[in-house]
Every structure is written in C-alpha cells, then in structure tokens.
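Down below is the structure, laid out as structure tokens.
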Amino acid sequence: MCLLLGATGVGKTLLVKRLQQLSSCDRKGELGTPPATRPTVGADLTDVAARKKVTVRELGGCMGPIWRSYCGDCRALLFMIDASNPTQLSASCVQLLGLLSAEQLSEASVLILFNKIDLPCYMTIEEIKSLIRLPDIIACAKQNITTAEISAREGTGLEGVLRWLEDTKRTNS
C-alpha cells in the first residue's frame, strides 16, 4: 500500500488521475487536458498499473490530524508539497516531520513531491529545501527519502514517479 498525503489543494487527486492516464497509455501518449478534480473528503483508493498494480490511498488534507491511523500497512509514502504556496510550506514541513517520526512508517520509502512547478510563482527546489531544512530532515530520518519536482497539471516528472512506485513495489514485495 502506498499513501499519498499532503495539505489541502496541493494536487494529490490530480496526481493520481494523471498517473492512471500515464500508465494506461504506455507512457507514450499525450496526457491532454487535465481532468476535473474535487477536494478529497475522506480516503480514496486508486489502482495505478505501474508494471505491477500499485494501490494508492489518498487521504484528504483536512484529515491531517488522523493520517497516522492509516499508516499501518504502508510501505511507500508520497508526500506532496505545493511549490507555489510559500504560506503553506511551514505547515507542510510540520506534517512531514510528524509522519517521519511515526513508528509505523519507520521502514517506508518516502518520495517528497514538489508540485506546481509549472506556475510562474513557484519556489525553486533549492529554496524549499533551505526553508524547511530538508538536508537535516533527510540526515535524521530513518526512512529512505527521495525528492522530485513535478507538475501534475502538465505531466512533468510523472514518469519518474511511476518508476519510483515500481522500484518501491519491487523492493518491498
């Protein structure tokens, strides 16, 4: 099981829909216009066909206080941060630190996704890493942490996310 977490409005639902599109078109087709999305209330389970089927459990951002109760069978964590929203950055960092300290996630692989890099006002990954002290977080974490810059809207970086899901599924199977 892969958990997809992040604050409200960071693009989690669009990411899952785009990953489904990408995996169904053998990663060669044009993704086209982004599908319509609604904020997730509760939890959604979605299967993504990344060589082997990977089930992604997306939890709404408003469920942040109870995310930990969903971590029991989690072997992979996708944590999404909105790179265009500096006011949300500190809250996202606190959420991430809380998740990384959860005992149930101590052996999970973690991919931190910096989304919305297609917007003109996005912060660079270097700025974000500096502001949240990501090198320190990675050095102290028990988990294997990877980062990626993506645009769920445009499809930028999504092939790398699928590859990460495949590699993580293979390692944890």
Side-chain angles (χ1 to χ4, degrees), residues 1-13 15-16 19 23 40 42-48 50-83 85-117 122-152 157-173:
M1 176 73 66
C2 176
L3 274 179
L4 172 58
L5 305 174
T8 302
V10 296
K12 298 179 299 292
T13 302
L15 172 69
V16 170
L19 289 174
S23 63
T40 301
D44 283 340
L45 290 175
T46 307
D47 291 331
V48 176
R51 283 189 212 149
K52 292 182 179 178
K53 180 183 81 166
V54 176
T55 301
V56 177
R57 177 180 280 157
E58 174 194 353
L59 300 178
C62 62
M63 294 178 62
I66 61 169
W67 282 347
R68 282 178 159 205
S69 62
Y70 288 85
C71 295
D73 58 350
C74 177
R75 297 289 167 253
L77 171 65
L78 296 171
F79 187 82
M80 190 175 272
I81 293 174
D82 183 342
N85 189 346
T87 59
Q88 197 179 58
L89 193 57
S90 61
S92 291
C93 181
V94 168
Q95 289 174 324
L96 177 62
L97 289 170
L99 290 166
L100 294 176
S101 66
E103 187 58 39
Q104 310 98 298
L105 292 176
S106 63
E107 296 184 23
S109 297
V110 178
L111 177 58
I112 301 172
L113 300 168
F114 300 103
N115 189 30
K116 302 188 182 182
I117 62 166
Y122 87 98
M123 295 178 287
T124 66
I125 197 165
E126 290 80 19
E127 290 172 316
I128 295 171
K129 284 180 176 181
S130 174
L131 286 170
I132 66 172
R133 301 184 60 174
L134 191 59
D136 294 337
I137 292 171
I138 291 172
C140 295
K142 298 175 186 173
Q143 299 86 348
N144 178 21
I145 299 176
T146 309
T147 61
E149 290 180 274
I150 66 164
S151 168
L158 298 190
E159 285 187 32
V161 175
L162 271 181
R163 267 193 311 279
W164 184 87
L165 286 170
E166 291 167 353
D167 293 346
T168 302
K169 172 90 174 173
R170 196 172 324 126
T171 304
N172 292 324
S173 294

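We number each residue from 1, following the sequence as shown. Values below: all heavy atoms of this structure, side chains included; hydrogens, waters and symmetry mates excluded. What you are looking at is a predicted structure, and each value in this text was computed from that prediction instead of being measured.
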**Study point:** Where A7 and S92 come nearest, the two heavy atoms and their spacing
**Key:** CB-OG, 4.2 Å
**Study point:** 4.5 Å side-chain heavy-atom contact, L15 and L158
**Key:** yes
Review point. Who pairs with D47 by side-chain hydrogen bond (donor to acceptor under 3.5 Å, both in side chains), at least two apart in sequence or on another chain?
Key: T55
Point to revise | Sub-4.5 Å side-chain heavy-atom contact between L162 and V48 | key: yes
Check your understanding: What distance separates E159 CD from I150 CD1, expressed to the nearest 0.5 Å?
Key -> 13.0 Å
Check your understanding: In Å, rounded to the nearest 0.5 Å, how long is the span from CD of Q95 to CZ of F79?
Key -> 5.0 Å
Point to revise | Student check: side-chain heavy atoms of E127 and L89 closer than 4.5 Å | key: no
Check your understanding: For D82, which residues count as a side chain to side chain contact (heavy atoms under 4.5 Å, CB included) partner, sequence neighbours excluded?
Key -> V10, S84, N85, Q88, K116
Practice item. Measure the shortest side-chain to side-chain distance between D44 and V16 over non-hydrogen atoms and say whether it is less than 4.5 angstrom. Key: no
Check your understanding: Shortest non-hydrogen contact from C2 to L165?
Key -> SG-CD2, 3.8 Å
**Study point:** Distance (rounded to the nearest 0.5 Å) between M123 CE and I81 CD1
**Key:** 8.5 Å
Point to revise | Euclidean distance, C93 SG relative to L131 CG, rounded to 0.5 Å | key: 9.5 Å
Point to revise | Approximate separation, where rounding is to 0.5 Å, of I125 CD1 and I112 CD1 | key: 9.0 Å
Review point. Who are the side chain to side chain contact (heavy atoms under 4.5 Å, CB included) partners of T13, not counting sequence neighbours?
Key: K17, T37, T40, E58
Check your understanding: What are the two closest heavy atoms between A43 and Y70, and how far apart are they?
Key -> CB-CE2, 4.4 Å
Check your understanding: Under the salt bridge (Lys or Arg N to Asp or Glu O under 4.0 Å) rule, what pairs show up with a residue in residues 140-151, not counting sequence neighbours?
Key -> E103-K142
Review point. Does D136 have any side-chain hydrogen bond (donor to acceptor under 3.5 Å, both in side chains) partners at least two apart in sequence or in another chain, and if so, which?
Key: R133
Exercise for review: Taking all non-hydrogen atoms of both residues into account, name the closest pair between D73 and M1 and its distance.
Suggested key: O-CB, 3.4 Å
Point to revise | Side-chain (K12) to main-chain (G6) donor-acceptor, under 3.5 angstrom | key: yes
Exercise for review: For Q143, check side chain to side chain contact (heavy atoms under 4.5 Å, CB included) against everything at least two apart and list the hits.
Suggested key: L100, L105, V110, A141, I145
**Study point:** Pairwise distance CG(L97) to CD1(I137) - rounded to 0.5 angstrom
**Key:** 4.5 Å
Check your understanding: Which heavy atom of L77 sits nearest a heavy atom of W164, and at what distance?
Key -> O-CH2, 3.8 Å
Review point. Can you find a pair of side-chain heavy atoms, one from E166 and one from R163, that are under 4.5 Å apart?
Key: yes
**Study point:** Check: S23 side chain, L19 main-chain N or O, donor-acceptor pair, under 3.5 Å
**Key:** yes
**Study point:** Shortest non-hydrogen contact between G98 and S101, atoms and distance
**Key:** O-OG, 2.9 Å
